[in-house]
4 protein chains.
Amino acid sequence: MARFSSPQDPLFQRLNSSVAFDFRLAPYDLELSRAHARMLASRDIIGADDLDAIERGLTDIREEIDADRFEIRPDDEDVHMAIERRLIELIGAAGGKLHTARSRNDQVATDVALFVRAHALGAKELLASLMDVLLQRAEEHLDWRLPGYTHLQRAQPVYLSHHLLAWFWKFNRDVGRFDFCMRGSDAMPLGAGALAGVNFLTDRVAVARDLGFGSVAPNSIDAVSNRDFVLDYLSAAATCATHLSQLGGEIVLWSSEEFRFCEPSDAFASGSSIMPQKKNPDAAELLRAKAPRITAHLSALHGVLHGLPLTYNKDLQEDKEGLFDTVDTLELELQVAREMLRELHFDRRRMEEAARDDFLAATDLADLLVRRGVPFRESHGIVASLVRSAVDQGKQLAELSDEDVAAVAPQLNGGLRDVLSEGAWLESKVSEGGTSLERVREQIGRARAALREATAA
Amino acid sequence: MARFSSPQDPLFQRLNSSVAFDFRLAPYDLELSRAHARMLASRDIIGADDLDAIERGLTDIREEIDADRFEIRPDDEDVHMAIERRLIELIGAAGGKLHTARSRNDQVATDVALFVRAHALGAKELLASLMDVLLQRAEEHLDWRLPGYTHLQRAQPVYLSHHLLAWFWKFNRDVGRFDFCMRGSDAMPLGAGALAGVNFLTDRVAVARDLGFGSVAPNSIDAVSNRDFVLDYLSAAATCATHLSQLGGEIVLWSSEEFRFCEPSDAFASGSSIMPQKKNPDAAELLRAKAPRITAHLSALHGVLHGLPLTYNKDLQEDKEGLFDTVDTLELELQVAREMLRELHFDRRRMEEAARDDFLAATDLADLLVRRGVPFRESHGIVASLVRSAVDQGKQLAELSDEDVAAVAPQLNGGLRDVLSEGAWLESKVSEGGTSLERVREQIGRARAALREATAA
Amino acid sequence: MARFSSPQDPLFQRLNSSVAFDFRLAPYDLELSRAHARMLASRDIIGADDLDAIERGLTDIREEIDADRFEIRPDDEDVHMAIERRLIELIGAAGGKLHTARSRNDQVATDVALFVRAHALGAKELLASLMDVLLQRAEEHLDWRLPGYTHLQRAQPVYLSHHLLAWFWKFNRDVGRFDFCMRGSDAMPLGAGALAGVNFLTDRVAVARDLGFGSVAPNSIDAVSNRDFVLDYLSAAATCATHLSQLGGEIVLWSSEEFRFCEPSDAFASGSSIMPQKKNPDAAELLRAKAPRITAHLSALHGVLHGLPLTYNKDLQEDKEGLFDTVDTLELELQVAREMLRELHFDRRRMEEAARDDFLAATDLADLLVRRGVPFRESHGIVASLVRSAVDQGKQLAELSDEDVAAVAPQLNGGLRDVLSEGAWLESKVSEGGTSLERVREQIGRARAALREATAA
Amino acid sequence: MARFSSPQDPLFQRLNSSVAFDFRLAPYDLELSRAHARMLASRDIIGADDLDAIERGLTDIREEIDADRFEIRPDDEDVHMAIERRLIELIGAAGGKLHTARSRNDQVATDVALFVRAHALGAKELLASLMDVLLQRAEEHLDWRLPGYTHLQRAQPVYLSHHLLAWFWKFNRDVGRFDFCMRGSDAMPLGAGALAGVNFLTDRVAVARDLGFGSVAPNSIDAVSNRDFVLDYLSAAATCATHLSQLGGEIVLWSSEEFRFCEPSDAFASGSSIMPQKKNPDAAELLRAKAPRITAHLSALHGVLHGLPLTYNKDLQEDKEGLFDTVDTLELELQVAREMLRELHFDRRRMEEAARDDFLAATDLADLLVRRGVPFRESHGIVASLVRSAVDQGKQLAELSDEDVAAVAPQLNGGLRDVLSEGAWLESKVSEGGTSLERVREQIGRARAALREATAA
């Protein structure tokens with residue numbers, strides 16, 4: 001820049017230059033430039049011949065990039081400067097007209113918004129394909145019984161289908177978050193100029209339409225300082241990654257020798273450098289491990305924005321690397337989760353054995369007493385005594401003698417055996433959203449509808 | 001609980017008991033219990049007389065709480081147990097029937113959802129009243145000029161109205177986030193029981209309608225493990241608090257002797273314990289300071305949920321304190337921001353003086369050259385040389401001699417004076433969303449419409 | 001403050017006032033004031049009679065506080081103002097002399113440093129008592145075998161003593177962190193005044209000696225803006241809480257029906273509101289759950305300090321609540337962990353059964369081949385084939401026929417049985433720090449020495 | 001690995017493979033392998049000829065890496081596998097012996113510890129060179145006056161030397177943090193094997209000595225699961241980066257037209273793509289902006305470790321990328337800060353003008369009254385009234401008439417002029433660590449000693 005009399009310090013250049021990472025925005029920047037140039041020509045701010053030259057130049061640059069022939073120069077501070085520099089090399093003076101009526105401040109905000117929007121849509125698609133696999137696996141394991149856990153203690157038996165669908169609904173809410181991210185990034189920043197608008201009667205609405213935005217940002221100062229849409233994406237990603245970490249954690253647990261409810265396929269496991277017998281659920285562990293990284297990217301951007309005065313500050317350059325890493329991490333995670341689940345082997349025998357633990361029916365016994373007129377709080381106490389009596393004798397409930405039962409819970413009178421009969425405990429969960437087969441089938445129908453909606457949107 | 005043979009360790013009780021903080025949920029828990037009891041009666045799970053007794057008991061408890069007469073006992077582990085214990089004391093055995101067909105797991109999820117929904121609505125109202133003040137202040141200062149800043153360097157002049165409206169639009173987006181939070185928490189967890197549904201044919205839809213939910217959670221396992229709605233609230237709050245921290249930071253800056261663009265009223269400032277001359281913008285500083293606290297609450301909950309297996313785990317108890325502190329902090333902040341802004345005194349003279357710095361017109365000179373046929377990139381270089389020439393001579397641009405100008409920028413030829421004339425630089429920003437008065441007036445119209453919508457929703 | 005003409009807005013007061021939480025610093029503030037007054041008198045800045053009155057007043061205030069009779073007034077902005085106000089009420093004009101040659105800025109920094117130092121010492125003591133219990137439990141379970149896990153897969157057997165000592169060393173490192181916190185807070189801020197030093201020839205070294213500091217802060221500007229020592233405490237606490245969360249997580253896991261390696265005592269477990277059979281490891285879950293909260297307090301303070309200009313800013317008020325909550329949480333956690341571990345019941349039979357899984361000896365077989373001249377990488381492959389052969393046949397290694405073994409690993413020739421004999425796999429881990437009994441005994445000796453050092457320091 | 005019957009899924013490989021980033025550890029891994037091989041030979045676990053071959057192979061690999069000729073293969077899961085694979089290619093079977101008596105678990109922990117230790121030392125050196133520049137600049141600007149600020153309001157005047165030294169002491173404490181990081185990582189993990197120790201009587205102490213560790217980790221289980229030293233480095237870096245962000249923020253502020261206390265050299269500033277007059281302090285902005293990124297890396301690792309059971313879990317792979325980015329960011333920041341400060345131009349005239357604001361002497365007037373017998377709290381009130389009287393009349397204090405002064409503060413009686421005389425307010429700050437020249441000179445002496453110590457350590 002001509003106002004300076006001495007060159008930048010190389011150390012400073014290393015800190016300042018963003019082209020090494022923001023060059024990833026090149027496709028969006030080219031798309032933006034093309035739309036901007038068309039508008040400039042339509043408003044006679046540049047000539048038709050200028051537009052032709054610019055469009056040709058932009059096409060050539062795109063080809064250079066696609067063919068990995070585009071050469072970044074040491075002085076190219078960022079992707080915008082690299083592309084403008086190359087454009088001028090290719091088409092001469094007309095290239096110098098492209099930056100009329102825009103600034104890097106509105107340009108970079110728009111590039112990033114385009115990037116966020118493309119990947120919010122991408123996340124929705126990947127979520128839908130993951131939900132599709134969950135739904136298939138649920139249908140395949142409709143009536144497999146296993147214990148449901150609270151506090152990692154066996155609590156009440158459920159069907160595996162019901163359990164798998166719990167994950168379905170979590171991811172379905174994530175779809176809604178990425179949808180919100182689309183709405184939140186719908187107003188195009190471009191045309192805000194450096195911060196105050198531009199000295200030309202531009203047509204922002206036309207550019208917005210060209211680039212797929214629904215409207216234009218109503219305030220130029222806000223437009224160049226706003227990174228809410230990045231926060232929205234990161235927040236959606238953080239919650240989604242947290243869901244994936246829970247899913248991963250559960251598969252790690254279920255793959256242990258002690259649970260052995262499932263086993264990852266060889267394609268999603270690793271061996272040990274020293275222990276030849278090991279088969280490690282690395283994919284699941286990594287799903288678990290990645291959430292804090294994404295949450296941290298969200299925190300970091302909140303931190304960067306904290307206390308920052310209007311309008312554009314260089315600090316905003318920190319919006320990109322965390323975003324890019326989040327996109328790459330999340331999209332890879334969603335694919336790995338889907339494929340790992342598709343091939344995950346469940347062990348029916350192990351699950352059923354665990355579900356047979358008849359202490360899991362304790363609530364049902366208490367509810368039986370309720371039906372026989374005992375207030376719930378009281379019946380809970382009666383059954384707790386029964387459990388304690390069994391635990392003290394090292395027995396299951398069904399192994400208690402009639403005398404034992406009668407001594408503690410005379411009101412049960414025979415009901416014990418009925419309640420403890422195979423499967424009774426699951427099928428009695430008849431409330432909406434409960435684990436009885438009828439309710440699970442109903443739920444599968446809803447899930448199918450939700451998936452259709454997620455895919456359509 | 002009867003299954004245990006020895007009492008809880010007092011240290012453990014201190015760690016485990018949540019009643020000291022979750023008693024705040026009592027109003028929601030009572031509301032929930034009333035709706036639940038009505039449904040139980042409508043389904044003949046409890047009798048009409050039980051319902052009468054329960055409703056009476058709940059009303060009495062509410063009165064005790066409102067009159068600050070409700071006594072929490074050492075053994076009341078949480079708000080739910082405290083209320084149920086008191087209910088049984090008040091109405092006897094019928095009180096023990098209330099916990100039929102529900103569990104603390106679905107109960108607490110529902111209480112928290114009710115709390116979140118009430119405060120998401122509250123945040124929207126407070127945001128709307130803050131936006132209203134911003135709009136008023138913008139209208140009052142429609143044509144006051146000040147420099148817009150990038151990199152905290154004077155960049156281009158803007159109107160104060162335009163600047164204040166930038167904040168308006170940020171908060172308007174926050175309204176959208178709390179809206180999303182309402183949609184995301186619209187499915188009622190209650191009825192999921194401990195995790196598997198309940199042994200009674202309950203009517204969840206009726207309860208949901210009673211409590212203001214739009215639907216019922218479709219999967220009981222998901223329902224008791226889901227805290228997404230808390231994340232959604234915290235995320236909305238974190239972004240909103242970040243906006244407030246930026247606003248606060250700017251007022252601190254503008255209140256410095258060096259800027260002196262504004263001065264907080266005495267009602268929002270503090271003195272010093274030792275320096276009698278000090279008038280400190282503490283309110284603005286605290287608005288700045290609070291964002292990391294809220295962002296941290298969001299991170300903490302992401303952290304708690306990370307890797308957690310299904311379904312309910314005690315870890316979920318950590319969802320509350322951070323949420324409560326966020327609600328209290330944010331609601332207080334929004335009110336303080338509104339009142340501080342309402343009384344903030346702007347200094348027209350200081351702002352105009354700063355805006356008169358004619359280097360701020362450099363872009364406009366470059367754009368003039370563009371109109372005279374010079375490609376922008378070239379005209380930028382020409383004006384940069386002109387600036388350097390002025391800086392070297394310690395002059396403003398308007399003080400350069402005609403010879404100086406002609407030597408560097410012959411194409412300017414007289415245009416310099418026109419461009420530098422009072423106000424010309426602002427009024428030329430005619431693009432949509434720009435700072436020209438016409439555009440700002442247009443923007444005010446849009447803002448008014450947005451405010452109506454925010455208030456209506 | 002007399003410079004103001006109108007009173008503070010009540011909303012602002014709610015945001016601004018810190019007395020509700022910083023009153024907790026009162027004991028430190030009184031101690032500080034006493035030392036300060038003595039120094040003022042020793043330098044003839046106040047009279048001996050003033051000192052007498054002040055000391056008497058401070059004693060009275062301390063008694064009021066201890067007896068819970070101290071009344072906080074609405075206008076008491078913070079603990080310092082409350083105490084000074086009360087002092088003047090009690091002793092009149094002399095009380096107004098106490099604030100000579102100090103400011104709230106250096107005063108609060110010193111109060112907080114005193115608080116941090118007291119609780120860094122407290123954390124060290126609690127850690128030592130936890131380490132003591134771990135060491136005892138290790139000695140009690142010296143030769144109990146269980147599988148060591150990597151990737152939550154059984155990897156190699158270890159002794160329970162060895163496993164418990166792993167936790168010992170983690171906590172021992174935490175002792176070092178709180179030690180560092182003591183060193184990092186050793187320079188007293190008091191005497192820095194508002195920021196520039198004071199107008200009196202005070203004797204800071206004497207005050208520092210009185211208050212237990214090793215030196216005085218060398219730069220007054222740094223002294224009032226420095227909160228590094230709070231970061232140091234929070235960082236030590238965050239790492240310590242992370243260790244506790246890992247310990248808690250492991251106990252939750254080991255308490256599951258599937259592992260059942262241990263069972264918490266009734267004193268550290270909870271029941272369910274609905275499922276009478278449940279015994280939940282709530283204490284362990286809460287140890288797991290609390291780490292993100294403390295880590296978040298650390299992040300929050302980093303966030304508050306980010307980008308803050310010198311010297312004191314009101315933002316620094318945000319240093320306290322997170323610190324207080326961290327201290328309370330961590331100290332309670334350390335005590336609960338200690339007592340829960342003291343009473344934790346381990347199940348020898350379950351652990352030994354799990355350790356008997358002879359795939360755990362695979363590395364040892366590979367090492368046997370190494371001794372017989374096979375390069376490790378090759379021997380690893382041979383044993384892996386052996387394992388696969390066993391897995392395919394649904395057998396343990398010891399159940400493979402001689403022919404099977406000879407076919408895959410002719411070099412083993414008889415060694416298989418020796419290696420697989422009871423206990424051989426553990427006792428062969430003879431390297432320093434390894435799991436052989438001799439090494440574990442050696443380690444216990446070191447642990448005892450480390451504990452002595454931790455207690456002494 | 002031979003135990004598997006089907007290959008890894010390419011998606012999983014992308015998630016699982018770490019060689020793309022951990023190849024950076026190659027120099028440490030080679031150093032480790034060399035020391036390990038020597039020890040194996042000294043204990044006759046491998047032959048002398050094996051050692052020769054291995055050392056030759058490792059040297060060749062180092063040369064390939066240095067010459068950028070080392071080829072990473074798609075199947076090289078991580079740096080350890082890549083190097084071992086290449087070693088076997090180069091030297092045959094002997095290469096397969098290197099992995100005897102070690103595991104990737106202890107190997108990677110040791111590599112990372114070596115990396116951390118090298119960069120902790122590096123950070124100390126960079127800090128010392130930054131402190132050196134601060135000390136020089138302080139000496140150059142010994143008696144330049146400027147206002148000290150609290151709440152960003154002018155508070156009391158200080159010398160620029162004193163202000164610059166405040167930063168010196170902050171960075172000096174950071175040196176202590178990196179020192180602690182050295183102590184905390186002094187026990188070598190290698191030799192812990194997979195988790196239980198190894199089946200050979202190795203000599204860990206010899207290896208530790210070779211690699212510059214002070215001792216060996218006393219417990220193999222702890223050794224492979226411990227990442228405390230990474231947390232220690234990240235925590236030290238986070239606090240240091242926070243200091244840099246404060247320094248950066250101050251320079252941004254001081255470079256504004258409104259302050260103009262300093263101006264960055266052209267070598268550390270940037271221009272605007274659209275506004276030709278702009279000279280932006282980008283280097284300072286980026287120093288400010290980078291702290292949240294580093295703090296987030298610290299949070300992320302705390303998050304990854306949260307709740308993780310013993311011993312090694314794949315999640316630990318997440319320890320590296322955040323660490324590497326932190327090292328690169330911090331080391332670059334420290335260099336940029338040093339060079340930017342070295343060339344920063346301070347504007348004596350602007351600072352002195354600001355320091356001349358005589359309200360800054362208000363505390364000194366109050367203290368004068370104290371010397372004349374008025375209790376401080378009372379004198380504070382008197383001077384506050386004086387200030388208010390001046391503010392109301394739009395005057396400085398020195399411009400108040402004798403009548404005005406006498407009316408409010410009869411006790412001042414002439415003292416006003418003395419206190420307000422040039423420089424008096426600074427030179428009266430005679431307390432230790434205060435801003436009087438004598439004290440600053442004393443402080444410079446201490447700083448020089450501290451710098452010597454930081455450099456020596």
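First the proteins, then the strands, lettered A, B, ... as listed; each starts at 1. The figures that follow rest on heavy atoms only: side chains count, while hydrogens, waters and symmetry mates do not. Please read these numbers as outputs of a predicted model, since none were measured by experiment.
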Chemist: Check each atom of A:L231 against the heavy atoms of chain B and say whether the ones under 4.5 Å are side chain, backbone, both or neither.
Modeler: side chain
Chemist: Which bit of A:V370 is near chain B, if near means a heavy-atom gap under 4.5 Å: side chain, backbone, both or neither?
Modeler: side chain
Chemist: What part of B:D232 is in contact with chain A, defined as an atom under 4.5 angstrom from a non-hydrogen atom: side chain, backbone, both or neither?
Modeler: side chain
Chemist: Is it the side chain or the backbone of B:E84 that comes within 4.5 Å of chain A heavy atoms, both, or neither?
Modeler: side chain
Chemist: With a 4.5 angstrom heavy-atom cut-off, could you sort out which part of A:N105 is near chain B: side chain, backbone, both or neither?
Modeler: side chain
Chemist: Is B:R446 in contact with chain A via its backbone, its side chain, both, or neither, using a 4.5 Å heavy-atom distance?
Modeler: side chain
Chemist: Given that the side chain runs from C-beta out, which part of B:A196 has a heavy atom under 4.5 Å from chain A: side chain, backbone, both or neither?
Modeler: both
Chemist: Which bit of B:V198 is near chain A, if near means a heavy-atom gap under 4.5 Å: side chain, backbone, both or neither?
Modeler: both
Chemist: Begin from the C-alpha positions of A:K170 and B:D222 and carry the test side chain to side chain contact (heavy atoms under 4.5 Å, CB included) through to its verdict.
Modeler: CA-CA 7 Å; A:K170 291 184 192 299; B:D222 176 41; 2.9 Å; yes
Chemist: List in chain and number order the residues that pass salt bridge (Lys or Arg N to Asp or Glu O under 4.0 Å) with A:E432, two or more places apart in sequence or in another chain; answer none if no residue qualifies.
Modeler: none
Chemist: For B:S225, is it the side chain, the backbone, both, or neither that has a heavy atom closer than 4.5 Å to a heavy atom of chain A?
Modeler: both
Chemist: Identify which of B:H306, B:E250, B:E427 forms the greatest number of heavy-atom pairs closer than 4.5 Å to chain A.
Modeler: B:H306
Chemist: Answer yes if the side chains of B:R173 and A:N226 hold a donor-acceptor pair under 3.5 Å, and no otherwise.
Modeler: yes
Chemist: Please determine whether side chain to side chain contact (heavy atoms under 4.5 Å, CB included) holds for the pair B:T239 and A:H302, giving the CA-CA distance in whole Å, both sets of side-chain angles, and the decisive distance to 0.1 Å.
Modeler: CA-CA 7 Å; B:T239 299; A:H302 275 301; 3.5 Å; yes
Chemist: Is B:R177 close to chain A through its backbone or its side chain, or both, or neither, when contacts mean heavy atoms under 4.5 Å?
Modeler: both
Chemist: Start with the C-alpha distance between A:W167 and B:L310, add both sets of side-chain angles, then the distance that settles side chain to side chain contact (heavy atoms under 4.5 Å, CB included), and finish with yes or no.
Modeler: CA-CA 10 Å; A:W167 296 112; B:L310 296 177; 3.5 Å; yes
Chemist: What part of B:H163 gets within 4.5 angstrom of chain A, counting heavy atoms only: side chain, backbone, both, or neither?
Modeler: both
Chemist: Would you mind checking which part of B:L298 comes under 4.5 Å of any heavy atom in chain A, side chain (CB onward), backbone (N, CA, C, O), both or neither?
Modeler: side chain
